[in-house]
Structure formats: structure tokens, C-alpha cells
Amino acid sequence: MTTPQKASHQFRFPEIRDVRLQRFSLFAAEPDALIVADKRVLCLVGANGIGKTSLLSAIVYALTGAVPLLSAKFESMEEYVKLARAQSVPFFRGRVREDDRPHSTVQLTLRFGSVTLSVVRSLTDPDGLVSFSRSTPNGQQHVPPATSTATELNDSYRAAVVELSGFSSFDEFVFLCHFLCTFDEHRRTLLWSGRAMERVLFKAFGIDSEGAASVDVLVRKEEKADSQVRNRQWELTRLRDRVAQLSAKIAHESQSQENYDALAERHRQLSETFALVRGRLDECSSEMHDARLRTANLTLSESSIRREYATLFSESLLTFGSTSGHPLIVRSLSDQACGLCGTRSEQAVARIRAAAAESHCPLCESLLSARDDGKASMERLRQLDEALAATSAQVAEAQNALHDCSHRYHALESALASIQNELSDFEKANQAFVERIRQPVNDERAAVVLDTLRGQILAIEDQKREAAKARDSARAEIAALKRELSKQYAAVEGAFVPRFQELATHFLGLPLSVSLDTSAATGATFVVTVRGSARRSQGQLSESQRFFLDIALRLALIQHMSRLDQPGTLFLDTPEGSLDIAYEKRAGEMLAKFAKSKDCIILTANLNSSKLLLALARNCGREGMKVCRLTDWAELSEVQVAEEAVFREAYDAIDSAMEQSAS
Amino acid sequence: MSAPNAKALFDCLAIGSRLCEYGQTTTERELHLFAYLSRLLSVYEGIPASEWGYTFLGTESGAPFSLEVRDALDHLLYSRLVFADGATLRFSEDVKIRVDAISAHRMHQLRTRLIDAACSALTVLPRGALAAALSADPQLTVAAMAPANRELFTEHYLELIYRQVDILKAAMPAGTHDMRVPASVWMSALHEASLQ
């Protein structure tokens with residue numbers, strides 16, 4: 001069993017202090033540019049094709065020794081990092097002039113807590129460093145010996161990062177920087193990325209690295225064993241078919257082949273149908289689980305409102321009335337004479353009327369309980385009544401949805417049972433067919449072959465059983481790790497979920513939540529629920545919603561994982577490219593909220609009328625944000641040169657927005 | 001004093017304020033009667049028994065009685081929302097204002113319709129005649145003679161009520177949605193039966 005860790009605020013993500021380029025000829029006017037990141041938000045702004053993505057990728061490359069990989073088919077974290085490193089050198093080909101590329105470097109100054117690291121990495125050597133140094137606030141500097149090779153310098157840097165960040169390996173640091181901290185031009189989401197999300201979850205919620213690494217190993221073991229089971233089954237089917245074929249050939253040669261072909265085709269159809277229905281049944285099961293949960297939550301809510309209504313109903317109605325309704329008072333006022341002594345005078349009647357309206361008893365002048373016109377509680381009752389009507393409608397809707405889902409589930413269950421029986425009957429009938437046509441063999445050689453085949457069948461059945469055992473054992477271990485993950489998550493859920501909701505709800509403007517699901521076949525993952533409805537697949541959200549919910553989740557995870565005294569950094573590449581106009585301003589506000597807490601953002605943005613950038617500028621102001629004008633560094637195209645006035649206008653708008661915040 | 005049954009409290013107030021419109025008065029017996037009539041109409045409407053919220057008992061005299069209605073009335077008297085002058089009850093102006101406000105809530109809409117329909121029976125029969133009509137109600141008649149089975153609207157009595165409801169529904173013109181129509185017809189029929 002893995003050792004539980006302290007679940008929150010354990011790690012240090014790097015804080016970038018400055019970036020210096022050398023012979024980065026993509027920026028013809030400033031190949032040796034220096035960018036000082038002395039504000040929480042650093043915005044690298046430029047027109048299309050100017051090199052924003054290349055610059056951001058260069059920063060991530062200098063930090064991790066690798067550029068984030070596009071197609072992420074990998075079996076382990078270590079494999080991913082190896083593949084990403086291998087793709088990094090070709091990435092910069094074509095982005096930097098060929099004669100500059102061997103000499104192009106990116107220098108980064110970054111901080112982990114009070115320790116500053118300075119690295120210089122060449123674009124052509126991801127496994128080495130040109131230079132590396134480390135210094136503490138009291139000015140003490142550690143510089144490796146001058147005789148150190150590029151690889152040795154890189155090793156020193158990697159060791160320092162592991163020591164200072166708290167991650168258990170440099171590969172783990174790279175993996176998290178790429179998957180968690182970088183949202184790049186490929187728009188790869190973390191939330192729906194299967195194994196990558198699972199790995200991040202294990203790290204974020206307290207399963208130690210050994211445990212997290214063992215998940216990779218166990219998953220591979222399980223998949224391999226499962227594959228062996230399927231392969232053995234396929235071999236068995238093939239061998240049995242051959243036995244049937246051979247037996248049939250001995251007795252009825254010409255007919256057996258047709259029978260065999262027809263049988264094989266029928267078996268294939270039945271197997272495919274079985275797999276299809278099975279898949280649909282699994283999907284329906286998840287839907288039913290979600291629908292049950294929604295119905296239960298809504299019913300609970302409805303009961304709670306009803307209870308509150310009932311309690312308030314009595315309290316608000318039974319407030320004390322005045323004495324003016326007392327029969328004696330009523331008679332006195334209607335008869336215009338005192339009901340007690342019979343005095344008939346205007347004065348007496350007026351006194352009775354006034355006394356009845358006051359808080360004293362007209363007869364003995366005792367102080368009566370205070371009257372309350374009950375307006376406030378009536379208003380509250382009205383609100384509760386409206387809330388109850390709305391919730392009751394939602395309960396009815398949820399129950400209908402559950403009923404439909406249940407109906408479909410049962411239909412699919414029946415269909416699956418039916419197809420399973422048909423398949424089983426078919427296989428039995430096929431066996432019987434084989435047995436029936438086994439006859440005393442005339443051909444000795446054929447008999448020997450048949451015996452050999454039958455022997456092979458027995459051996460492969462044993463292998464299949466062993467593989468199934470190994471698969472089931474791996475599954476049990478994975479399940480145990482997932483249970484541990486659930487336990488660790490439960491301890492911090494109360495702090496994490498509100499953190500995510502605060503960021504995401506502001507952007508989306510809809511009630512949402514997130515929960516951990518360890519039951520999914522694709523691995524442990526988060527499930528986002530919007531308006532009470534779970535969005536398990538990406539297609540259930542619009543592109544804008546999908547990307548920015550993913551960003552909000554990353555922000556929340558970074559805040560959760562990073563130490564309270566250490567800013568985390570998020571790298572975003574033109575995030576506004578994924579947004580429709582309704583969401584731009586809110587996205588900017590969401591990012592500003594993250595930056596204002598303690599954390600940093602380095603983002604690239606197109607120089608257009610995007611409200612995201614303006615909202616970010618307005619919320620951060622000059623104190624919180626710095627804009628780097630990449631159009632000043634690059635060689636502009638003819639079209640871009642012609643529209644320089646438009647660029648200036650756009651920059652001025654950003655400047656004004658930052659000024660507005662200051663004032 | 002423990003809190004009264006909220007539904008009985010509402011019914012008391014709604015019935016009382018309707019019966020005491022224009023300065024009139026009512027009695028505790030009438031509160032029980034009209035609450036019972038409203039409950040009968042709820043069976044006609046097909047509303048589940050659990051929705052009503054409180055029970056009725058038959059009495060030797062043939063009049064219906066509810067402990068919850070009695071308890072609600074006690075609370076109202078204590079709060080000076082209702083005043084008693086001997087057997088006469090007068091509901092204060094405060095009551096009408098509060099009842100009007102909460103009758104509009106969706107929570108009470110169905111109940112308000114049933115009570116309105118019950119009280120509308122007064123347009124066809126005066127109060128005394130209505131009380132006599134209800135004394136001919138088969139459920140109350142049987143309960144008066146069966147001390148061991150006084151709780152009304154139980155399985156023991158529902159067959160009787162459903163029979164009446166079926167006859168009444170068959171007699172209604174198609175598309176009758178206004179509850180006041182069956183209420184008046186039902187009470188008129190019971191009144192005729194009580195005269196025989």
C-alpha cells in the first residue's frame with residue numbers, strides 16, 4: 001500500500017523571473033531580446049504568425065528540456081518525456097534561421113522559494129545545458145566547475161529542480177509542466193485526457209510517486225494480460241475452426257468449407273453485435289448513475305424547502321392580532337356605546353377604539369405581546385413557495401429522465417442476454433457439429449494432425465486462464481490504489497471543490513461542480529457537472545466552455561498543489577482563440593482572479609479586439625500585468641506593415657485598460 | 001403549546017375567513033363540517049389520501065370531527081386571530097389579509113380550490129340545511145353506528161365514498177372542471193336524501 005502524503009500545498013512550481021534570447025532570429029529586430037517577468041501576468045502580444053507560440057514553446061523548452069508533444073500516445077510518464085524530448089529539436093527547425101539555430105539559446109532565470117536558478121539551453125541540445133548556476137538570497141552562488149560538460153550541467157539542473165520543487169523526479173516535473181501548467185496551441189484538454197488526468201490526480205491528491213508510478217505499471221500489465229486473453233481466445237477459435245475444418249474434410253470435403261465460411265461469418269456478426277450492445281449498456285449504466293444522483297439531490301432539496309415552509313408557515317401566521325376583533329369591542333363600536341357599562345358618548349367610543357389599536361388591554365391595561373405585521377415572513381414564504389414549485393418541476397423532470405434511462409437499461413440488458421444466449425448456443429451447436437462429424441479416421445496423417453491440434457487447444461486454454469488470472473490480479477491492485485485515491489481526495493474535497501467553482505462559475509455563469517470518479521474504465525478522472533448534468537465527454541460542452549473549464553481546473557489544481565509561499569505559473573497560448581465573444585470578458589476576469597491570489601500567468605495573445613485581454617488588463621492594471629509587444633521585434637509582412645496603425649490602436653486600448661484599473 | 005398541523009391551520013383560516021365575510025360569524029362545528037366536505041371533494045379529484053395531512057373521526061351525532069382542526073382553532077384563539085362569543089366565532093380582519101396572501105401560493109392552490117368549492121355549496125343550501133345534508137352522508141351515517149371504526153376515509157369507508165363519486169362523475173357534463181358544480185350537486189343530492 002502507498003504511503004499517504006500531506007494532501008495540499010506541498011510542491012513548488014517554478015516562478016519565471018526573466019527570459020533572455022540569443023540569436024533567436026525569428027525576431028529579426030530583437031534576436032537577443034530580454035523579457036523581465038516582474039509582474040504576475042506577462043502578456044506576449046503580437047499579430048498572427050509573428051512567433052508567439054515559438055517564444056512560449058522556447059520558454060517551456062528551456063524550463064523542461066522538451067516542447068509539449070502533440071499526439072500523446074504513451075504508456076508511461078517516462079515514455080512521454082522521452083518522446084517529447086526527441087521531438088524538440090525538429091520543432092525549432094524552420095522557426096529559427098538554419099545558420100543561427102546551432103547558436104540559438106534561451107536563458108531562463110527562475111525561482112523556487114528563495115533559491116534562484118539560471119539556465120541557458122541550446123535549441124539543438126535538449127539533453128545538455130550551456131550554463132547553469134544557483135544562488136540564494138544571501139548572495140551565495142553555486143556554479144558547477146568550469147570543466148563540467150553540457151550533460152553534467154543538465155544533470156545538476158535536474159537534481160536542483162527535483163530538490164527544490166518537491167517532485168520525485170525530473171520526468172514528473174516535466175510531465176506536470178506540460179500537462180497541467182501548459183495550455184498550448186494544440187488545445188489538448190487535461191480533463192478528458194484519460195491516463196494523463198489520472199496521473200495528475202494521483203500526484204495532486206496525495207498518492208505518493210511510487211504508487212502513482214505503479215499505476216502505470218499495473219495498467220500496462222492489465223492491458224497486456226487482457227490482450228493475451230483476447231489473443232489466446234482468437235487462437236483457440238482459429239484452432240477449433242481448423243479442427244472442425246479438418247474433420248469435415250475427412251468426411252465431407254466439398255461441403256465443409258462452405259459450412260465453415262458461413263459459420264465463421266455468423267460467429268463474427270454475433271460477436272460484433274454483442275460488443276456493441278455491451279458498450280451501449282455501459283454508457284446507459286453511467287447515465288443512470290448520474291440520473292439517480294440528480295434525482296436524489298433534487299428530492300432532498302425539495303424536502304428541505306417543504307420543511308422550512310411548514311415551520312415558517314405556523315410561526316408567521318400565529319402572530320398576535322389586535323383586540324379590535326373581540327366581540328365586546330366589536331359590539332361597542334357598532335352600538336356606539338361601551339359594551340361593559342353602556343355609556344353612550346363619542347368620547348367613550350373614541351377611547352375604546354384607540355385602546356383596541358394599542359398594545360395595552362382596553363380593560364385592564366396589561367401590556368400585550370408585541371404585534372408583528374408578519375410582512376418579512378410572508379415574503380419569505382412566498383420565496384419558498386416559488387422555490388418549491390421550481391424544484392418540484394425539476395424533480396419531476398429528473399424522475400422522468402431516470403425512468404426513461406431505466407427503461408432503456410432494461411431493454412439493453414434483455415438484448416444483451418438474448419445475444420449472449422444466441423452466441424453461446426451458436427458455439428455449443430458448432431462444437432456439437434464438430435463432434436458429430438468426427439468419424440473413424442481413414443487418413444492416419446489427418447488423425448495425427450487432429451491430435452496435435454487438440455493438444456495445442458488444451459495448452460492454449462491453460463495459457464488463457466493464466467493470462468486472465470494475471471489480468472484480474474492487476475485489476476484488483478489498480479482498484480485498491482483508486483480506493484486510496486478516493487480516500488485522500490475526500491479529505492481535501494471540501495477545500496478543492498469551492499476553489500474550482502469560484503474560478504469556473506464566474507466564467508461559465510452556470511451552477512457547476514466537480515467530483516472524482518474512479519469507476520471509469522479509462523482510469524480515475526474528474527467529472528464536471530453543469531446545471532446538475534454530468535458532462536463525461538467533451539462533445540457535451542461547446543468549445544469555449546470545454547477549454548475554459550479545463551483551464552479553470554488546471555488553475556484550481558495548481559493552487560491546490562503549490563505551496564502557499566510559492567507562486568505557480570500557468571503558460572497559455574492564445575487562449576482567446578477558443579472563445580466566442582460572450583465569454584471573452586469573463587475568461588479575462590477568471591485569469592485575473594487566479595493571478596491576484598499569488599500565482600503567475602505567461603500568455604500569448606493575438607493583437608485584436610479580444611475582450612479577454614482587455615478584461616485581464618483592466619483587472620490587473622499596471623501593477624499586476626506587463627505587456628510585451630512582439631510586433632516591435634519581428635519582421636512584419638506587407639499586410640501587417642500596412643495595418644500598423646491598427647496595431648497601435650489595439651496596444652493603446654490595452655494601455656488604457658491597464659490605466660483604468662490604476663485610476 | 002406544540003405547533004399546530006400546518007394544513008389544518010390553513011384550512012381553519014381559509015374556511016373561517018370565507019364564512020366570516022361581510023361581518024358574519026361561524027361556529028367550530030361549521031369549521032369541522034366544511035373541512036370534511038373539502039376532504040370529500042379531494043377524493044372526487046383523485047388526490048392521494050397522504051396529501052390531505054390530517055384525519056377525521058365520525059361521531060355518535062353523525063357530525064365529522066378532526067382533532068387537528070380543534071387544535072388549530074385553539075391556537076388561533078390564543079393568538080387573538082379568532083374571538084369566541086359563546087359558541088360563535090368571529091375571525092379578525094388580520095386573518096383575511098394573511099389568508100389572501102398565502103392562498104395565492106402554489107403550495108395551497110389545490111387546497112384553496114377545494115375549500116372554495118366546499119364553501120360555494122352555501123349558494124345552493126343555507127348553513128343549517130348543509131349540516132343536515134352531510135348528516136345523510138353514508139360514511140358519517142355508518143361511522144355514527146360503529147364506535148370501533150370511527151376513523152373516516154379508511155379502507156373501511158372508501159368503497160362507500162367511491163360509489164358516490166362514480167355516480168356523481170357519471171352525472172357531470174363532459175369537461176366539467178369547476179369543482180363548485182359537483183360540490184353543489186353532491187350536497188343537493190344528500191339534502192334530498194336527508195329529507196326522506
Side-chain angles (χ1 to χ4, degrees), chain A residues 302-303 305-335 339 356-363 366 368-393 396, chain B residues 1-14 16-17 20 22-27 50-51 53-54 68 71-112:
Chain A
E302 189 190 23
S303 300
I305 298 172
R306 270 189 203 280
R307 264 199 310 277
E308 196 186 340
Y309 188 103
T311 307
L312 189 59
F313 179 82
S314 301
E315 281 170 15
S316 63
L317 281 178
L318 294 176
T319 53
F320 287 95
S322 69
T323 54
S324 57
H326 193 284
L328 197 59
I329 306 290
V330 168
R331 208 161 35 240
S332 299
L333 294 178
S334 78
D335 293 349
E358 282 175 17
S359 54
H360 289 84
C361 171
L363 192 61
S366 300
L368 301 172
S369 306
R371 289 188 59 201
D372 170 10
D373 66 9
K375 274 192 183 145
S377 16
M378 282 296 168
E379 175 54 24
R380 179 71 189 133
L381 277 174
R382 188 194 62 76
Q383 287 169 357
L384 286 171
D385 177 64
E386 278 184 9
L388 186 62
T391 309
S392 298
Chain B
M1 265 177 135
S2 59
N5 179 298
K7 291 185 177 177
L9 181 62
F10 175 81
D11 291 352
C12 249
L13 286 167
S17 75
C20 291
Y22 314 119
Q24 294 174 310
T25 59
T26 184
T27 62
S50 56
E51 285 283 319
Y54 59 90
E68 289 86 353
D71 185 55
L73 179 58
D74 283 343
H75 277 82
L76 290 170
L77 286 165
Y78 179 73
S79 307
R80 297 195 298 276
L81 294 171
V82 175
F83 293 95
D85 188 3
T88 304
L89 297 174
R90 187 189 301 276
F91 279 67
S92 74
E93 277 305 306
D94 283 338
V95 166
K96 182 148 177 34
I97 295 167
R98 294 175 205 207
V99 166
D100 285 347
I102 55 173
S103 292
H105 292 181
R106 284 176 197 79
M107 178 89 154
H108 302 297
Q109 269 173 3
L110 181 59
R111 229 170 167 91
T112 303

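Numbers restart at 1 for each chain; the letters A, B, ... are given by sequence-line order, proteins then strands. Please read these numbers as outputs of a predicted model, since none were measured by experiment.
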Exercise for the section: Tell me, for B/A72 versus chain A, whether the close heavy atoms (under 4.5 Å) come from the side chain, the backbone, both or neither. Expected result: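 Nothing of B/A72, per the 4.5 Å heavy-atom cut-off to chain A.
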Practice task
Of all the heavy-atom pairs spanning A/M378 and B/I102, show the shortest one and how long it is.
Solution key: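 Between these two residues, the closest heavy atoms are SD-CG2, 3.8 Å.
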Exercise for the section: Quick one: closest heavy-atom pair of A/E386 and B/R106, and the distance? Expected result: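 Closest approach of A/E386 to B/R106: CG-NH1, 3.7 Å.
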Exercise for the section: Go through the structure and list residues passing ring-ring contact (aromatic ring centres under 6.0 Å, His included) with B/F10, not counting sequence neighbours. Expected result: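 Applying ring-ring contact (aromatic ring centres under 6.0 Å, His included) to B/F10 gives B/H108.
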Problem - Inter-residue atom distance B/H75.NE2 - A/S314.OG, 0.5 Å rounding - result: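 Interatomic distance, B/H75 NE2 to A/S314 OG, rounded to 0.5 Å: 8.0 Å.
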Exercise for the section: With the side chain counted from C-beta on, respond yes when A/F313 and B/M107 share a heavy-atom pair under 4.5 Å apart, and no when they do not. Expected result: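 A/F313 does not reach B/M107 side chain to side chain.
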Exercise for the section: Name the region of A/L388, side chain, backbone, both or neither, that has any atom closer than 4.5 Å to a heavy atom of chain B. Expected result: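 It is the side chain, since no backbone atom gets that close.
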Practice task
Under the salt bridge (Lys or Arg N to Asp or Glu O under 4.0 Å) rule, collect the residues that match up with B/D100, sequence neighbours excluded.
Solution key: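 If we apply the salt bridge (Lys or Arg N to Asp or Glu O under 4.0 Å) test to B/D100, skipping adjacent residues, the hits are B/K96.
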